[in-house]
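Keep in mind it's a predicted model, so treat the numbers as computed, not measured. Quick note on labels: first sequence line is chain A, next is B, and so on, each numbered from 1.
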Amino acid sequence: QGKFTLLRDSRTDGSFLVHHFLSFYLRAGCKVCFLALVQSFSHYNIVAQKLGVSLTAAKERGQLVFLEGLKSCLDLVFGEEEQSGQPSPLQFISGSVSNLKDLFDFVRTSLTPSDSDSWKGRVLLVDDLSVLLSLGAAPVDVLDFIHYCRMVVCSQLKGNIVVLVHGNEDSEDEENKLVVTSLCHHSNLILWVEGLATGFCKDVHGEIKIIKRLSLESTEQDVIQIYQYKIQDKNVTFFARGLSAAVL
Amino acid sequence: EEDKYGVYSNLLFKYFLAEGVVCGHDLFIASAQDPPANILKELPAPLLDNFKTEQVEATATKSEDCQDSMQIAWRYQNVPKVETSPTTSIKFGHYYDVSKKMSPELLQSIKWHSFFLPDEMPLEPKLKMCNMNSGYARLLQSIQSVIYQEGFDGSHPQKKQKNILRIGIQSLGSLLWDDDICSTNSPEDIHSLTKFLYVLRGLLRKSLSACIITMPSHLIENKAIMERVTNLSDVVVGLESFIGSERETNLLYKDYHGLLHVHQIPRLNSLICDVSDTKDLAFRLKRKQFTIERLHLPPDLSDTVSRSSKQDLAESAKLLSSGCGAMAIGKKHLDF
C-alpha cells in the first residue's frame with residue numbers, strides 16, 4: 001500500500017504490464033482510476049476480457065474510472081465551449097494553461113472516497129506518461145503532476161500508483177529522459193521491460209528487470225531480478241534467462 | 001519514413017490509395033505539394049478488374065464485425081497479393097501494374113475528398129486549435145468534417161452501407177506544411193506535429209478509417225521528434241533507397257533498389273502481435289511491379305515466409321519467386 005510502481009519499456013512495448021495491473025487490481029477489489037491516454041476503451045476492454053475482467057461492468061459499478069484520453073482530446077479540440085464550466089482533464093493541450101492541474105483534479109475527484117463505497121484500496125494507473133510531453137506539457141509539469149498524485153493517492157489515501165513510461169537508454173529525447181530518471185529515483189518498484197539486444201526472437205519477446213527499492217531513504221542495495229518472457233494470447237510466461245521453453 | 005528522394009514512398013502511397021479505389025472505399029488525399037487530383041490520376045491500374053465486386057462484399061461484411069478498427073499507418077506497405085485461383089479463402093488485396101494508370105471510370109466509381117494546402121483558406125484567428133501549426137489544424141478540421149458528414153463515425157445511422165475512409169497524407173512535416181522541423185535543429189514549435197498525430201489518432205480510433213502518412217524523416221534533425229512520432233503511430237516503416245548511396249554498388253544488394261525497415265507494428269486489441277520471422281526486407285521496382293522480399297543469402301535461393309493470420313494485425317513478407325513475377329506482401333491492415 002502507498003507504493004509507486006514504475007513500468008518502463010525500451011525497444012519494445014510494455015503495455016502488457018498495464019493490462020496485467022489493470023485486471024489485477026480490479027480483481028482485487030480496488031477502486032481504479034485509469035488514465036488511458038494512448039488507446040481506445042475497446043482495446044483495453046477486449047484484452048481485459050481475455051484476462052477475465054469486464055471493464056464495462058467495472059465502470060458501471062463505479063469501480064473503474066476511465067479517462068479515454070483520445071476521446072477527451074477530441075472533445076476538447078472539436079467540441080463546443082464547455083457548458084458545465086468544468087475544464088477538461090486535458091485542458092493543457094489547448095495551450096490555455098500550461099500545467100496539469102486539471103488532470104490532477106480529475107484524479108483526485110475520482111479516487112476520493114465517498115460515503116457509499118467500500119473498495120479495498122485505491123489505484124492510479126497511467127498509460128502512458130511519456131505522451132504528455134508529446135502533447136506540449138513540460139517535464140517539470142509532468143513531474144509536479146506525479147508529485148501531487150503521490151501526495152494524495154499514496155500518502156493520504158494509502159493507495160498505489162502504477163505508471164508506464166517509454167525510456168530507451170540511447171534515446172535523444174532529453175525531456176523524456178529527465179522525467180524517466182526522476183521517476184526512477186522515486187519509485188518503490190521498477191519493472192523495466194526491454195527487447196533483446198540481439199534482436200527479435202519468436203520465443204523470447206524480451207527481458208524484464210525487476211528492481212525493488214528496499215528503502216527510499218537509506219542506501220541499502222536494491223534487489224534486482226531479471227527474467228525473460230514470452231507473451232501469449234491470454235498470458236505471459238516468465239522464465240529465467242536462457243531457459244525459454246524453446247531452448248530446453 | 002520517406003526514402004531520400006521520395007520515389008518509392010510515393011509509390012507505396014499510391015498503392016494504398018489504389019487499393020482503396022479497387023475496394024470501393026472513400027479516399028481522402030491531403031498534400032502540400034502535388035495537387036490531389038494529379039495524385040489520383042497517377043494511381044496504378046489494377047491487374048484484375050473482376051476482383052473488385054467480390055472484394056467490396058468481403059470488405060463490407062468485415063467492417064460490420066469490428067466497430068473500432070482504425071490505424072495510423074506510416075509507410076504502410078500495402079502491396080497486396082492475389083491468389084490467382086478463386087478457391088482460396090484468404091484473399092487480400094490486388095495486384096497492380098505500375099506501368100499503367102488507373103482508368104478514369106474506375107476512379108469515378110468512388111467518392112474522394114481532397115485537401116490541398118495551397119488552396120486552403122488560412123485559419124480564422126478565433127478558432128483556437130491548441131497552438132498548432134495552422135496547416136495541420138486546418139487539415140484536422142477537414143478530416144473531422146468529412147468523417148462526421150459522411151458518417152464514418154456512426155453519426156448517420158440511417159446510412160445502410162458502412163464504408164471505410166482511406167486517408168493519405170503526403171510529406172507531413174516538410175517545409176511545405178509550414179513546419180520547420182525538417183529545416184532546423186531547434187524548431188520553433190516541436191509539439192505541433194505530435195499534437196496533430198494525437199488528435200488524428202483519436203479521429204481514426206472513433207471512425208471506420210485508416211491513414212497512411214509519408215514523412216521526410218531523414219530531414220528531421222531532432223531525433224526526439226521521430227521517437228515521439230513513432231510512439232504515437234501504430235505502424236512505422238522506413239524506406240531506404242540505394243540511389244546515390246554506397247550501397248548501390250554492394251553486391252549483396254545488387255538485385256534490389258532499397259531496404260525496408262519495420263520500426264513498429266501494431267498491437268491492438270490483444271496482448272500479442274504478429275511479428276514476422278525476419279526483419280531484413282528489401283524492395284525492388286520492376287517495370288510493372290513493386291516487390292518486397294526477404295533479404296537473403298545467397299541471392300539465388302528463395303525462401304517463403306508463410307503467414308497465416310488470425311490477427312491481421314501485422315504486415316508480413318511473403319516471397320514467392322517464380323518466373324512469372326514475384327509478388328509481395330503486405331498484410332492488409334484493413335482486414336478487420
*Partner chain B: residue of Gln39(A), Lys71(A), Gln49(A), Glu68(A) with the largest heavy-atom pair count (under 4.5 Å)*: Gln39(A)
Table please: side-chain donor-acceptor pairs of residues 16-26 of chain A below 3.5 Å, with sequence neighbours left out.
residue, atom, partner, partner atom, Å
Ser23(A), OG, His19(A), O, 3.0
Ser23(A), OG, His20(A), O, 3.2
Tyr25(A), OH, Asn160(A), ND2, 3.1

_Does any backbone or side-chain atom of Leu133(A) lie under 4.5 Å from a heavy atom of chain B? Answer side chain, backbone, both or neither._
both
*Report the option among Leu193(B), Ile225(B), Thr194(B), Ile190(B) that has the most heavy-atom pairs separated by less than 4.5 Å from atoms of chain A.*
Thr194(B)
*asked:* Could you report the tightest heavy-atom contact between Tyr198(B) and Gly69(A), atom names first, then the distance?
replied: OH-C, 3.3 Å
*Side chains of Ser134(A) and Leu232(B): closer than 4.5 Å at any heavy-atom pair?*
yes
*Under 4.5 Å heavy-atom distance to chain B, tell me which part of Leu74(A) shows up: side chain, backbone, both or neither.*
side chain
*Between Arg201(B) (side chain) and Val38(A) (backbone), is there a donor-acceptor pair under 3.5 Å?*
yes
*For Ala224(B) and Glu172(A), which heavy atoms make the closest approach, and how far apart are they?*
CB-O, 3.7 Å
*Could you walk me through whether Glu175(A) and Arg228(B) pass salt bridge (Lys or Arg N to Asp or Glu O under 4.0 Å), step by step?*
CA-CA 11 Å; Glu175(A) 290 188 342; Arg228(B) 292 181 182 183; 2.9 Å; yes
*Give the minimum heavy-atom separation between Ser171(A) and Glu227(B), together with the two atoms involved.*
OG-OE1, 2.7 Å
*Looking at Gln141(B) and Phe78(A), what are the two nearest heavy atoms and their distance?*
CA-CE2, 4.1 Å
